[in-house]
Amino acid sequence: MLSKSKETMMFKRFFLKVIPVTVLLLFCTNAYATVYFVSQQSTGSGTGLSYADRMGVGKHNGLSFEPGDTIYLVDKIVSKVIVPSSGKLNSPIIYKGDYPDHSGVIDRNGGDYGIYISQKDYIKIDGVEIVGFEKGAGIILSNGCDYITIINCKIHDGYNRGIHSTADVDGEWNSNVIIGGSAGNGNEIYNIGIDTAGMDVGLNRSKNIVVSYNHLYGKENNGIDGIMTENTYSAVFEYNKIHDHNYGAKGEDGIDIKNNSSDIIIRHNDIYNHTNQTGITVQNNSHDITIYDNYISNNKTGIAIFDHGIPIKHTPDGVEQENILISENTIYQNHLDGILVSEVGGDATNNVHIERNILSENGMKAQYSTSGVAIRIITGKSHKVLNNYFYKSRPYKNDYIQARYEVSDVDLNSNHYNWPSQVSKIYWDGNFRDLTTLKSKYSLEINGVENNTGYDANIIANDYKTNSISFDDSGIINSKTSMPPPVNIKVSSQ
């Protein structure tokens with residue numbers, strides 16, 4: 001019988017020798033991963049284990065693959081690629097299109113989808129070119145896909161969606177999707193859609209999404225949305241270049257957040273040349289949106305918040321929460337309005353905060369020269385317009401801020417203005433009925449010189465209920481912050 005000390009020593013030896021091997025096996029999950037080659041038709045033995053023996057698409061679509069496997073799509077493929085298997089954590093199944101001298105191009109020539117992924121997890125698509133799809137998408141994710149990454153792909157000349165994440169009404173939502181994700185890994189998506197039907201990236205019934213570092217643009221009269229969301233929440237759109245989604249006299253938006261989307265951050269994007277529509281639109285019961293540090297130029301309207309109210313998100317006591325923050329953006333040379341807060345036949349839009357933005361030369365396009373302004377607020381309450389910098393506006397009246405109709409409780413605090421003399425800075429008109437409070441604490445700058453004289457003497461209220469306006473001129477703020485010069489405005493890469 002072994003003594004207790006010898007038993008302890010034998011256990012320690014077993015632990016030190018056997019356990020590390022067990023741990024190593026647990027973490028080396030792709031030790032037996034295989035590289036496959038897939039083309040339109042099988043060649044050689046058709047096993048797919050080498051380029052010479054590559055398997056055909058039809059065979060691939062019916063097989064099962066193991067987590068960690070890499071599948072090269074090579075040469076021209078005209079059939080739909082259906083992803084048949086899931087990977088797992090730390091071992092995704094990877095589809096690549098960059099095999100040397102045999103790059104993969106999926107040309108559907110009128111077929112519906114390029115790559116079809118349904119109810120699969122841990123899939124990575126890297127460097128595949130997809131073209132020629134119709135009435136479908138270049139890449140579609142449907143009904144409960146989780147942990148999908150799409151990088152370095154070129155998707156073009158098809159309709160009606162470049163990348164589409166969606167689910168049936170009763171299906172499980174897609175989640176944890178990365179489209180681009182880091183510098184050097186963005187996708188190029190262009191010439192998508194017909195007329196104004198479609199979008200480069202479409203998200204419906206999706207959550208936990210990152211769309212970043214992508215180049216999304218129209219090239220030959222494709223007037224569709226760059227990014228469009230419906231019923232999507234918890235998403236970040238950043239560092240994208242989005243431009244030129246026009247179709248003749250029609251067009252769509254750079255980014256369109258709609259239909260009950262929420263908790264979305266839009267930041268560090270360059271959005272320009274949507275001359276028939278808007279750089280960024282938030283509409284149709286979408287709420288809790290942050291629009292931060294974007295360059296938005298040469299669109300019809302820079303940012304539009306409107307249509308049927310902005311939340312339908314209720315706290316336990318039933319109070320609606322809108323929560324739209326527009327902060328530190330550079331919004332310039334948009335044809336009509338820099339920022340529009342409005343509604344179209346629905347509830348008023350409330351609680352929009354417009355803070356620390358630079359607005360320059362908005363509303364100066366000839367056809368809008370009698371109507372465009374830097375900021376237009378048509379409906380709603382509890383808005384804040386704080387610490388913004390205004391430069392030259394439209395030549396007709398050079399209004400910087402207009403508030404109209406049923407607007408109330410607007411806080412205008414410490415905005416900085418640089419305007420020519422004898423023009424209106426803030427203008428109130430229309431048939432408003434509930435304009436009860438206009439907080440008017442200013443640090444005014446006229447041509448760069450501070451003018452702290454109380455509320456703005458050039459405020460115009462030409463409604464018959466002028467007496468309903470009350471000015472709160474207590475505590476006038478004497479800001480010494482210098483207005484940044486216009487030369488700091490970045491010019492988009494057009």
Going by an N to O cut-off under 4.0 Å, is there a salt bridge joining Lys96 and Asp126? yes

Hey, what do you get for OH (Tyr292) to CD1 (Ile265), rounding to the nearest 0.5 Å? 11.0 Å

Indicate whether any N or O donor in one side chain lies under 3.5 Å from an N or O acceptor in the other, for Asn231 and Asn259. no

What orientation do Tyr190 and Tyr217 show, parallel under 30°, tilted 30 to 60°, or perpendicular over 60°? parallel

Can a side-chain donor-acceptor contact be found between Gln333 and Tyr272 if the only test is distance below 3.5 angstrom? no

side-chain hydrogen bond (donor to acceptor under 3.5 Å, both in side chains) test vs Asn362 passes for just one of Asp337, Thr301, Asn334, namely Asn334

Do Leu359 and Asn388 have side chains that approach each other closer than 4.5 Å (heavy atoms only, starting at C-beta)? yes

Apply side-chain contact (heavy atoms from CB on, under 4.5 Å) to the pair Glu129 and Val105, showing each step before the final yes or no. CA-CA 5 Å; Glu129 182 174 357; Val105 178; 3.7 Å; yes

Determine the sole option in Asn174, Ile264, Ile257, Thr232 for which the side-chain contact (heavy atoms from CB on, under 4.5 Å) test with Leu203 is passed. Thr232

List the steps and the verdict of side-chain contact (heavy atoms from CB on, under 4.5 Å) for Ile179 and Val210. CA-CA 6 Å; Ile179 300 173; Val210 174; over 6 Å; no

Would you say Ile331 and Ile358 make side-chain contact, with heavy atoms under 4.5 Å? no

Mind checking whether His335 and Asn298 have side chains closer than 4.5 Å, heavy atoms only? yes

Compute whether any side-chain donor of one residue and acceptor of the other, for His353 and Asn351, lie under 3.5 angstrom apart. yes

Step by step, would you call Lys124 with Tyr95 a side-chain contact (heavy atoms from CB on, under 4.5 Å)? CA-CA 6 Å; Lys124 183 176 183 178; Tyr95 285 80; over 6 Å; no

Which atoms form the tightest heavy-atom contact between Ile192 and Gly162, and what is the distance? CG2-N, 3.6 Å

Just wondering, do His243 and His215 contact through their side chains at under 4.5 Å, heavy atoms? yes

Going by atom types alone, do Asp253 and Thr281 pair a side-chain donor with an acceptor below 3.5 Å? yes

Between Asn276 (side chain only) and Asn246 (backbone N and O only), is there a donor and an acceptor less than 3.5 Å apart? no

Check Glu328 with Arg356, please: is the shortest side-chain N to carboxylate O separation under 4.0 Å? yes

Check the side chains of Ser118 and Asn143 for a donor-acceptor pair under 3.5 angstrom, ignoring hydrogens and angles. no

Is it true that His245 and Asp200 share a donor-acceptor pair across their side chains at a distance under 3.5 Å? yes

Is it true that Glu230 and Asn204 share a donor-acceptor pair across their side chains at a distance under 3.5 Å? no

With a 3.5 Å cut-off and no angle check, do the side chains of Ser234 and Asn208 form a donor-acceptor pair? yes

In terms of side-chain geometry, is the basic nitrogen of Arg267 or Glu238 positioned less than 4.0 Å from the acidic oxygen of its partner? yes

Tyr113 six-ring face occupied by Lys80 cation (under 6.0 Å, within 45°): no

Side chain to side chain, Ile115 and Ile140, heavy atoms closer than 4.5 Å: no

Would His274 and Asp244 count as having a side-chain donor-acceptor pair, cut-off 3.5 Å? no

Do you know which two heavy atoms are closest between Arg205 and Trp173, and how far apart they sit? NH2-NE1, 3.0 Å

Any side-chain donor paired with an acceptor under 3.5 Å for Asp293 and His268? yes

